[in-house]
2 protein chains.
Amino acid sequence: MARMDYTRDNMAGLLRSHDINPTHQRIEIAHALFSRQEHLSADQVMAFVNTRHSETSKATVYNTLKLFLDKGLVREVIVDPSKVFYDPNTSPHHHLYEVDSGKLSDIDARSVQISGLPQLPDGMVTEGIDLIVRVRRQR
Amino acid sequence: MARMDYTRDNMAGLLRSHDINPTHQRIEIAHALFSRQEHLSADQVMAFVNTRHSETSKATVYNTLKLFLDKGLVREVIVDPSKVFYDPNTSPHHHLYEVDSGKLSDIDARSVQISGLPQLPDGMVTEGIDLIVRVRRQR
DNA sequence: CCGGAGATTAGACAAAGTCCAGATTGCCTA
DNA sequence: TAGGCAATCTGGACTTTGTCTAATCTCCGG
């Protein structure tokens, strides 16, 4: 089910299908993330959304990203101690993080096998498994 | 090679063996981490070190933790977007993170197998593989 | 046209971490 | 013992990321 295009119009549908009221700001933010298909920090989203003229406040960017997260539209990636990245790809995958450049890319989860994880204590459920491969330029 | 005891005296040797000049503050910080064998944030280290009377400044705590990291005495664990944890256990292991409580515990790496990771681009080397299992209380 | 719920806003605030210039420490040599 | 030097430590100002709040705006149904 290849998504054809990340136009602003299609964003409205995407939002609605995730039970999110598609307002102007939300469409812009979704567009910033999905049209790029990249991992963006809140700051970067802010910058992209407000390139032409200031349109969207900081509070709204943060609120909206949290809302998207809640509704399962994006994933949170915690690799950099100083900021959170938001990931428009919610299909199962892992991450490759280039420490020096801060570049973050995906590793399809279907090619990777993880086994031998311990049983969880009673009443606990797995919320997610994050696998991060940290790499750097050879010295 | 079971380490017998995390007395302050033994800390001095541990530091020296990692090529770190064992000053009073460094010994206290190492002691805070190793005697507890727990994951502590910089804040928590500060609190422990300064319980009786203020002995060590914030700057020193941060500098020292970074130094320890550099010298391979501790590991950095990035699971919580708001703060970094420092882990006195440097043997290969993964982490289990209880999202609600913030509790962080170890998973021995020997029981876990990871396969199918992609080849790295040329000139890149792996710095580390972080596997984090995020769990929460069942709702 | 009116009312109200939901959405957005500016800006004050909080917490983690960095930076710097000056003070302190410990050690070496004379 | 004194002096000097390098390493270390310090308080405090500063930066950055993110949160909070109270006021305003928008839009829709009646």
Side-chain angles (χ1 to χ4, degrees), chain A residues 8 11-12 15-16 18-33 39-50 52-71 73-87 99 102 104, chain B residues 11-12 15-16 18-33 39-50 52-71 73-74 76-87 99 102 104:
Chain A
R8 283 173 178 75
M11 287 302 100
L15 293 182
R16 259 186 235 99
H18 283 259
D19 197 25
I20 297 171
N21 190 1
T23 66
H24 175 63
Q25 286 89 338
R26 288 171 182 176
I27 289 174
E28 283 305 313
I29 292 172
H31 182 71
L33 275 162
H39 309 81
L40 299 182
S41 66
D43 251 31
Q44 293 175 302
V45 171
M46 267 276 272
F48 280 131
V49 165
N50 291 330
R52 306 178 148 270
H53 19 72
S54 183
E55 295 176 344
T56 306
S57 72
K58 187 168 59 146
T60 298
V61 170
Y62 279 96
N63 288 342
T64 301
L65 289 173
K66 199 173 287 180
L67 177 70
F68 285 4
L69 183 65
D70 238 54
K71 299 293 189 182
L73 197 61
V74 301
R75 254 172 66 174
E76 222 178 28
V77 187
I78 303 171
V79 281
D80 182 313
S82 76
K83 63 182 65 161
V84 172
F85 286 95
Y86 292 87
D87 185 347
V99 175
L104 189 59
Chain B
M11 287 303 99
L15 295 182
R16 261 186 232 101
H18 282 258
D19 199 26
I20 298 170
N21 191 1
T23 66
H24 175 63
Q25 286 88 339
R26 288 170 183 177
I27 289 174
E28 284 304 314
I29 292 172
H31 181 71
L33 276 162
H39 309 81
L40 300 181
S41 66
D43 250 32
Q44 292 175 302
V45 170
M46 267 275 271
F48 281 130
V49 165
N50 290 329
R52 308 179 145 265
H53 19 72
S54 181
E55 295 175 343
T56 306
S57 72
K58 186 168 59 149
T60 297
V61 169
Y62 279 97
N63 288 342
T64 301
L65 288 172
K66 199 174 283 178
L67 176 70
F68 285 3
L69 183 66
D70 237 57
K71 299 294 189 179
L73 196 59
V74 301
E76 221 177 28
V77 186
I78 304 171
V79 281
D80 183 314
S82 76
K83 63 183 66 165
V84 173
F85 286 96
Y86 292 87
D87 185 346
V99 174
L104 188 59

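A quick note: this is a predicted structure, and the numbers were derived from the prediction, not measured. The sequence lines fix the lettering, A, B, ..., with proteins before strands; numbering per chain opens at 1.
Whole-Å rounding puts the H53(B) NE2 to dT10(D) C1' distance at 18 Å. For the pair F85(A) CZ and dT16(D) P, the computed distance is 16 Å after rounding to whole Å. L40(B) places its CG atom 13 Å from the P atom of dG17(C), with the value rounded to the nearest Å. With rounding to whole Å, R26(A) atom CZ is found 13 Å from dC27(D) atom P. Remark: P of dT8(C) and CG of N21(A) are 8 Å apart, rounded to the nearest angstrom. Regarding D19(A), its CG atom lies at a distance of 16 Å from the C1' atom of dA7(C), rounded to whole Å. Between the CD atom of Q44(B) and the P atom of dG17(C) there is a distance of 11 Å, rounded to whole Å. Distance, N63(A) CG to dC25(D) C1': 15 Å, rounded to whole Å.
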Would M46(A) and K58(A) count as a side-chain contact (heavy atoms from CB on, under 4.5 Å) if you check the C-alpha gap in whole Å, the side-chain angles of each, and the deciding distance to 0.1 Å? CA-CA 7 Å; M46(A) 267 276 272; K58(A) 187 168 59 146; 3.9 Å; yes
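Considering only side-chain N and O atoms, Y62(A) lies nowhere under 4.0 angstrom from the phosphate OP1 or OP2 of dT19(D). At dT25(C), none of the side-chain N or O atoms of Q25(B) fall inside 4.0 Å of OP1 or OP2 (strictly under the cut-off). Distances shorter than 4.0 Å separate none of the side-chain N or O atoms of K58(A) from OP1 or OP2 on dT19(D).
Using a 4.0 Å cut-off between charged nitrogen and carboxylate oxygen, K83(B) and D43(B) do not count as a salt-bridge pair.
T60(A) places no side-chain N or O within donor-acceptor distance of the main-chain N or O of T56(A), the cut-off being under 3.5 Å.
Across all non-hydrogen atoms, the minimal contact from H39(B) to F85(B) is O-CD2, 3.8 Å.
Note that the OG atom of S41(B) and the CG atom of L65(B) stand 9.5 Å from one another [nearest 0.5 Å].
Along DNA chain D, the nucleotide nearest D43(A) and the nucleotide nearest A59(B) are compared for position; the residue whose nucleotide lies closer to the 5' end is A59(B).
Note on S41(B): nothing from the nucleic acid sits closer than 4.0 angstrom, heavy atoms only. Residue T60(B) is classed as a base contact, given a heavy-atom separation below 4.0 Å to a base.
Across dG18(D), dT8(D), dG11(D), the shortest atom-to-atom separation from the side chain of T23(B) is found for dT8(D).
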